[in-house]
2 protein chains.
Amino acid sequence: MLKQSTDVIVKALKEKGLRVTPQRYAVYANLRNRADHPTVEQILKDLNQDLPISSQATIYSSLQALRDVGLVREVLLEEGVSRYDANVSPHHHFRCDCCGDITDIPWHSLPELSLESLPPGLHAQTYEVTVKGLCEPCYRHSLSASG
Amino acid sequence: MLKQSTDVIVKALKEKGLRVTPQRYAVYANLRNRADHPTVEQILKDLNQDLPISSQATIYSSLQALRDVGLVREVLLEEGVSRYDANVSPHHHFRCDCCGDITDIPWHSLPELSLESLPPGLHAQTYEVTVKGLCEPCYRHSLSASG
DNA sequence: TTCCTAAATAAGAACTATTCTTATTTAGAG
DNA sequence: CTCTAAATAAGAATAGTTCTTATTTAGGAA
């Protein structure tokens, strides 16, 4: 199933004018194949678990290149670390207060917000909602712990 | 006008069981008296501009104490730095894409969101909206630059 | 008011995520 | 196949934050 994405990934990189290097390919493929929003450390560990594929510095520079062309975006929901997301179409995020896990919320799962009555002088272009609460595992755990 | 807040601040700290130290008082008072969402560096500079009031380490620990009791919250909207906000009642944020300035958006400036149709397994408790765009100065600047 | 002790502060070392530097390697155009 | 601009690896450097320890202090008790 990774094979299917190969063309797509190479094509995406080339369309954006990026050279297709093994490291850059691996970083982007990794991001596309996971639903969480990994940190650089997690990507590094994942890529190099069997054989060395990329150094940490190169993961940073690959992510920067991918961000510059709009294939990847940075997600800031936690103190001190950046997380990365290959889903660049508009969507919202859910963050578990307990374990910190981040889940995408499809754009249309929430009603469209009218930005009509913002305070004056704010020229809005986009918005995004961050929902906080408990994910299923943490929710169950909290039930059994307190009840 | 600062005088007016004195009682309020001392009272707030005591109610939360915090010792009232000059440093802690100064940090909280400073946060309450400004509308932006300063970084530790900005608070440090502001507090010590005339005479030395607090070290950087103490600002960190004061903020931690204030956060622990719910008088202050952390705002994460920028890579690499935490910002702090003494407004702990629910509200949204506007972030200027150009200069990075952050403005509070009153809760009722945006319609209440229904969290009914979230993906299953997400137990939502709160949410908050981040609106991005241009603030007035940057907007005007962009007009005159491109037109 | 004075004393006492747990808590807070200052200063700087330590830590961690990220960026920068430089020598080496390589993708991909010609 | 060659060539060159761009990418990589490795580690040094940087910046924000946390930790450590000796000293000071807030505020309750005597």
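Residue numbers begin at 1 in each chain, while the letters A, B, ... track the order of the sequences. All figures in this text were calculated on a predicted structure; none of them were measured in a lab.
- Listed nucleotides: C:dT9, C:dT19, D:dA10. Nearest to the side chain of B:Glu79: C:dT19.
- Between B:Ser82 and B:Lys14, it is B:Ser82 whose nearest contact on DNA chain D lies nearer the 5' terminus.
- Looking at heavy atoms from C-beta onward, B:Thr39 lies out of side-chain contact with B:Leu44 at the 4.5 angstrom threshold.
- The residues A:Glu41 and A:Lys45 are annotated as not salt-bridged, no charged nitrogen and carboxylate oxygen being separated by less than 4.0 angstrom.
- Nucleic acid contact class of A:Leu13 (heavy atoms, under 4.0 Å, all strands): none.
- For A:Arg19, the side-chain atoms get nearest to C:dA27 when compared with the rest of C:dA10, D:dT25, C:dA27.
- Residue B:Ala57 places its side chain closer to C:dG12 than to any other of D:dA9, C:dG12, D:dA7.
- Within the 3.5 Å criterion, the main-chain N or O of B:His91 finds no donor-acceptor partner in the side chain of B:His93.
- When distances are taken from the side chain of B:Gln23 to each of D:dG27, D:dT18, C:dT9, the shortest belongs to C:dT9.
- Using modelled atom types and a 3.5 Å distance limit, the side chains of A:Tyr28 and A:Arg24 yield no donor-acceptor pair.
- Following rounding to the nearest Å, B:Arg83 (CZ) and D:dA15 (C1') show an atom-to-atom distance of 15 Å.
- Within the 4.5 Å cutoff, no side-chain heavy atoms of A:Asn87 are placed close to those of A:Leu31.
- One interatomic measurement links the two molecules: CZ of A:Arg24 to C1' of C:dA27, which rounds to 10 Å at whole-angstrom precision.
- Contact annotation: A:Thr21 side-chain N/O to D:dA6 OP1/OP2 distance is not under 4.0 Å.
- In this structure, B:Gln56 reaches the bases: a heavy-atom distance under 4.0 Å links it to at least one base atom across the strands shown.
- Between B:Thr39 and D:dG16, a side-chain N or O to OP1/OP2 separation shorter than 4.0 Å is absent.
- Contact annotation for B:Ile53: backbone-only contact, meaning every heavy-atom pair under 4.0 Å involves sugar-phosphate atoms and none involves a base.
- Among the nucleotides C:dT18, C:dA10, C:dA8, the one closest to any side-chain atom of A:Val40 is C:dT18.
- The closest donor-acceptor contact from the side chain of B:Asn33 to the backbone of B:Ala29 lies under 3.5 Å.
- Nearest nucleotide to the A:Pro22 side chain, out of C:dA27, C:dA6, D:dT17: C:dA27.
- Taking atom CG on B:Asp68 and atom P on C:dA7, their separation rounds to 14 Å, with Å as the unit.
- Of all nucleotides listed (C:dA17, D:dG16, D:dT8), C:dA17 comes nearest to the side chain of A:Val81.
- Computed from coordinates, the A:Leu66 CG to D:dA7 P distance equals 11 Å when rounded to whole Å.
- One can place OH of A:Tyr25 at 19 Å from C1' of C:dT26, the figure rounded to the nearest angstrom.
- Put simply, OH on B:Tyr60 is 12 Å from P on D:dC19, counting in whole angstrom units.
- Summarising the geometry, the separation between NZ on A:Lys45 and P on C:dT16 is reported as 15 Å, rounded to the nearest angstrom.
- One finds no side-chain N or O of A:Ser54 lying less than 4.0 angstrom from the OP1 or OP2 phosphate oxygen of D:dT8.
- Distance, A:Leu44 CG to D:dT8 C1': 14 Å, rounded to whole Å.
- Residue A:Thr58 places at least one side-chain N or O closer than 4.0 Å to OP1 or OP2 of D:dA9.
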